[in-house]
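What you see is a predicted model, and the numbers here were worked out from it, not measured in a lab. Count residues from 1 along the sequence. For ligands, and for the atoms within them, numbers begin at 1 and follow the listed sequence.
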Amino acid sequence: MTLVSHSLDVIKRFQSHTGAYPASPTFSAYRGYSWLRDGAFIAEGVSRHGDVAGADAFHAWSAGVLGDRAGQVDALVARAARGERVSPAEMLPTRFTLDGVDGDDEWWDFQLDGYGAWLWALREHSLRHGRAVPGVEKGVRTAVSYLTAFWQLPCYDWWEEHVEQRHVATLGSVHAGLRAALALGVLSGPEAEAAAEAVAGIAALVAAEGVVAGRLTKWLGTDAVDASLLACVEPFGLYPADHPVGAATVAEVERQLARDGGVFRYLADTFYGGGRWVLLAGFLGWNHARAGRTAEATRYLDWMAAQATPGGDLPEQVSDVLLAPERHDEWVARWGTVATPLLWSHGMYLILADELGVRA
Ligand code: BGC
């Protein structure tokens, strides 16, 4: 079985009957939960390889989860409009149980990027297959209302860290999601106006405070980079590959964070000792593929495949080269061995394989 077939199989096998994708069905800290960030890229991967029903089910589930929270979002937005402070603990969660409820386990629970990534993936899927996913409007409008009201707030980043910062990859995800929602054509006039205003506001803020030395930064006001910034170029297009800032961002992330085909999250990473992430090799390869650097893209695809277990499962990260080796064991003691399979890793493999014409 090829890794494309195996990836499709793993994702289908573990997709819940509700439509939710578990992040990693066996990993202690993730078991039973679905993240919109992971799910968006998993759905994008299977959508590209013809699992239309699987992607439809995920999008319908996400829209339902959002739609069920329309009242909560309306109340939060109304409070913010009156000038009341809304605390991170009151916001929508980062992840949901497979049944679409908030779940009782403690988590780093205020992250905006997943809501943007979901809207982006929904639009890509609808465009690709030439039809709307039925019944998603209420969920889309709820996500848009939430993001237009709160995009300026600091929140946890893609790695669920630094709630006090405004992260550029998060802003890029929200920017792409709101553009996608506008293109879906389901917003009212005032909703569309507010979304367009937020899109312009995000672009202006990042241009003013999120660019140093001609490339994007991990958060507003630092000069560090983070591999999640790759998504601000391809696929989110906050700065496209042919814009100098887009090109310089990909080049700087690769210079600082790529090693022999694998990609670190950021230099100060200590999670499981800070290894190289399979899904980030996917984002870097995707950027190379879109910029026409096929040989480079293929090198990242091959590295991803080489990290599979003998049974073909892809891990979240690999631990052979670590940025902080002394921090590895404490995570194994806390949560067990690295999450494997991680469905997002398989989703990214599917995306990059598709970019390079590698099919099942
Ligand atoms: C990562 C997140 C991811 C989650 C589930 C976390 O360890 O930091 O980016 O969404 O795992 O895969």
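Counting only distance, with no hydrogens or angles, the side chain of H243 and the backbone of L238 share no donor-acceptor pair below 3.5 Å.
A salt bridge does not link R48 with E124: every distance from a Lys NZ or Arg NE/NH1/NH2 to an Asp or Glu carboxylate oxygen is 4.0 Å or more. Using a cut-off of 4.0 Å between Lys/Arg side-chain N and Asp/Glu carboxylate O, D320 and R276 are scored as salt-bridged.
Here R166 pairs with nothing under the salt bridge (Lys or Arg N to Asp or Glu O under 4.0 Å) rule; sequence neighbours left out. With sequence neighbours excluded, no residue forms a salt bridge (Lys or Arg N to Asp or Glu O under 4.0 Å) with E254.
Listed by chain and residue number, the protein contacts of ligand 1 are A23, Y30, W35, R37, D38, W158, W159, E160, R265, F271, E316, L342, W344 (heavy atom within 4.0 angstrom).
For residues 330-342, the set of pairs meeting the side-chain hydrogen bond (donor to acceptor under 3.5 Å, both in side chains) definition, not counting sequence neighbours, comprises R327-E330.
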